[in-house]
There are 2 protein chains.
Amino acid sequence: MRISCMRTANIRPATSQRKLLLSVIREAKGLLDAKELYRRASERDASISLATVYRNLRFFKEQELINERHFGHTRSCCYEMKRSGEHYHLVCRGCGHVIEFGSPLIHRLVAEIRRKNDFAVTRVELCLEGYCHDCKKEEKPSSKVA
Amino acid sequence: MRISCMRTANIRPATSQRKLLLSVIREAKGLLDAKELYRRASERDASISLATVYRNLRFFKEQELINERHFGHTRSCCYEMKRSGEHYHLVCRGCGHVIEFGSPLIHRLVAEIRRKNDFAVTRVELCLEGYCHDCKKEEKPSSKVA
DNA sequence: GTTGGTGCAAATAGTTTGCATGTGC
DNA sequence: GCACATGCAAACTATTTGCACCAAC
């Protein structure tokens, strides 16, 4: 039995494409979908293929290097580097902006569910939709156009 | 300005397909995806088309008659009748079972976000993944196969 | 040198749309 | 009768896969 790679993720064959993709994801502020990742990676290595992007996204997910998120209104998944502090997302229906947030209440919620439902939670997907500060102003006072 | 259909959803042209689809969704215990809805509707009206299913799902969504949910691990969306009590979902990674739950903590969470981020929440998507009571037993005692 | 990653193109899955026809009100 | 829903097939988007070739270790 291999005992390597238990805690630290290994980028086993560290191909140039793999390293490139990881740094694009790392350097991104926030979330990226496959197409956008492909676009940004292509700027640095024009020969990279979309299939490689998808294959590596799956690989990074398996290695638990990245998080995959899906927002109800889009068809594609979004990805971001896994970080220490857990956080969730607010998506503005006005400007499309994604705001990160965290709250200790979520911990309590998960603990409650664990207890009440006897359920071992491994992953929390929480996404709120609505209108951010700026977009609220435009939506509210006028007639109900939305 | 039309003042109809403000509160009560209207199934405007109440075509037989539209009525059929709505009753299939209503009679379903839990969530359905488009294909499953199509399959069940086809049993009662073999000539119904998948395009009609999708068009009506969009229509019902606009009328706010149904909720659309998306779980990270599947590619398609799931739908269910909108009901009075808000509820969210636990998805078991072992058996695939979906458990509904609700918690007053979610209300508090939304209120907190509204206040802290000055964000008008219109929709909450919350889905927890993990292992249910039965599947936990098989996963836990043995070696970490997962 | 072997294992496994890559590019390409084709395949697949889920969903949407154009168009001619049919149906509810 | 008119507006709009439907069925069909084709289009489209996101993602996956088979295959020949290439790179990392």
Side-chain angles (χ1 to χ4, degrees), chain A residues 2 4-5 8-25 31-63 65-80 96, chain B residues 2 4-5 8-25 31-63 65-79:
Chain A
R2 343 177 118 235
S4 62
C5 72
T8 57
N10 51 353
I11 321 295
R12 284 147 27 186
T15 62
S16 62
Q17 293 89 334
R18 187 160 284 178
K19 285 185 282 186
L20 168 59
L21 290 170
L22 208 50
S23 47
V24 172
I25 300 172
L31 295 144
L32 286 173
D33 65 6
K35 208 156 68 177
E36 179 61 16
L37 174 56
Y38 172 62
R39 204 190 56 71
R40 295 193 194 179
S42 299
E43 288 174 1
R44 295 204 234 159
D45 172 0
S47 73
I48 200 168
S49 90
L50 192 51
T52 295
V53 170
Y54 278 110
R55 278 190 277 235
N56 275 292
L57 281 173
R58 177 151 28 146
F59 174 81
F60 296 150
K61 224 189 325 169
E62 283 163 8
Q63 298 294 312
L65 281 168
I66 60 174
N67 281 322
E68 184 185 56
R69 299 281 171 212
H70 185 275
F71 301 132
H73 56 296
T74 54
R75 227 185 293 184
S76 56
C77 289
C78 286
Y79 302 88
E80 64 183 345
Chain B
R2 343 178 117 234
S4 62
C5 71
T8 56
N10 52 352
I11 321 296
R12 280 136 46 175
T15 62
S16 63
Q17 293 90 335
R18 186 160 286 179
K19 286 185 283 184
L20 168 58
L21 290 171
L22 208 49
S23 47
V24 172
I25 300 171
L31 295 143
L32 286 173
D33 64 8
K35 207 155 71 175
E36 178 62 15
L37 174 55
Y38 173 61
R39 203 189 56 71
R40 295 193 195 178
S42 299
E43 287 174 1
R44 294 204 235 161
D45 172 0
S47 73
I48 200 169
S49 91
L50 193 51
T52 296
V53 170
Y54 279 109
R55 278 191 277 236
N56 275 292
L57 281 173
R58 175 148 33 143
F59 173 80
F60 296 151
K61 225 190 320 172
E62 284 163 8
Q63 298 294 313
L65 281 168
I66 60 173
N67 281 323
E68 184 185 57
R69 299 283 171 210
H70 184 275
F71 301 131
H73 55 296
T74 53
R75 226 186 291 187
S76 56
C77 288
C78 286
Y79 303 86

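Note on naming: letters A, B, ... go to the chains in the order of the sequence lines (proteins, then strands), and numbering restarts at 1 for each one. Keep in mind that this is a model prediction, so the values were computed, not measured.
A pairwise comparison of heavy atoms in Asp45(A) and Gln17(A) identifies OD2-CG, 4.3 Å as the closest pair. When all heavy atoms are compared, the tightest approach of Ser49(A) to Tyr38(A) is C-CE1, 3.8 Å. Looking at every heavy atom in both residues, Arg18(B) comes nearest to Phe60(B) through O-CZ, 3.6 Å. Of all the heavy atoms in His70(A) and Arg75(A), the pair that sits closest is NE2-O, 3.7 Å. Closest approach of Ile25(A) and Glu80(A) over heavy atoms only: CG2-C, 4.1 Å.
Distance CG (Asn56(B)) to C1' (dG7(D)): 13 Å, rounded to an integer number of Å. Here dG7(C) presents its C1' atom at 11 Å from CG of Asp45(A), a figure rounded to the nearest Å. Between Leu20(B) atom CG and dA5(D) atom C1' there is a gap of 14 Å when expressed in whole angstrom units. Rounded to whole Å, atom C1' of dG5(C) lies 12 Å from atom CZ of Phe60(A). At whole-Å resolution of the value, CD in Glu36(A) and P in dT13(D) are 17 Å apart. In this structure, OH of Tyr38(A) is placed 15 Å from P of dT13(D), rounded to the nearest angstrom. The interatomic distance linking Asn10(A) (CG) with dA24(D) (C1') rounds to 14 Å, in whole Å. If you take CG of Leu32(B) and P of dT15(C), they are 13 Å apart, rounded to a whole angstrom.
For the pair Ile11(A)/Leu65(A), a side-chain contact is recorded, criterion being any heavy-atom separation below 4.5 Å from C-beta on. At a threshold of 4.5 Å between non-hydrogen side-chain atoms, the residues Ile48(B) and Leu21(B) count as touching.
Atom OG of Ser42(B) is separated from atom CG of Leu37(B) by 9.0 Å, given to the nearest 0.5 angstrom.
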Every protein N/O lying under 3.5 Å from an N/O of nucleotides 21-25 of chain C:
none

Pairs: protein N or O with nucleotides 15-17 of chain D N or O, under 3.5 Å:
residue	atom	partner	partner atom	Å
dT15(D)	OP1	Cys77(A)	N	3.4
dT15(D)	OP2	Tyr54(A)	OH	2.5
dT15(D)	O5'	Tyr54(A)	OH	3.4
dT17(D)	OP2	Arg58(A)	NH2	3.2

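Ion pairing between Arg39(A) and Glu36(A) holds under the 4.0 Å rule for side-chain N and carboxylate O.
For dG7(C), the OP1/OP2 oxygens have a side-chain nitrogen or oxygen of Gln17(A) closer than 4.0 Å. At the phosphate of dG7(D), OP1 or OP2 sits under 4.0 Å from a side-chain N or O atom of Thr52(B).
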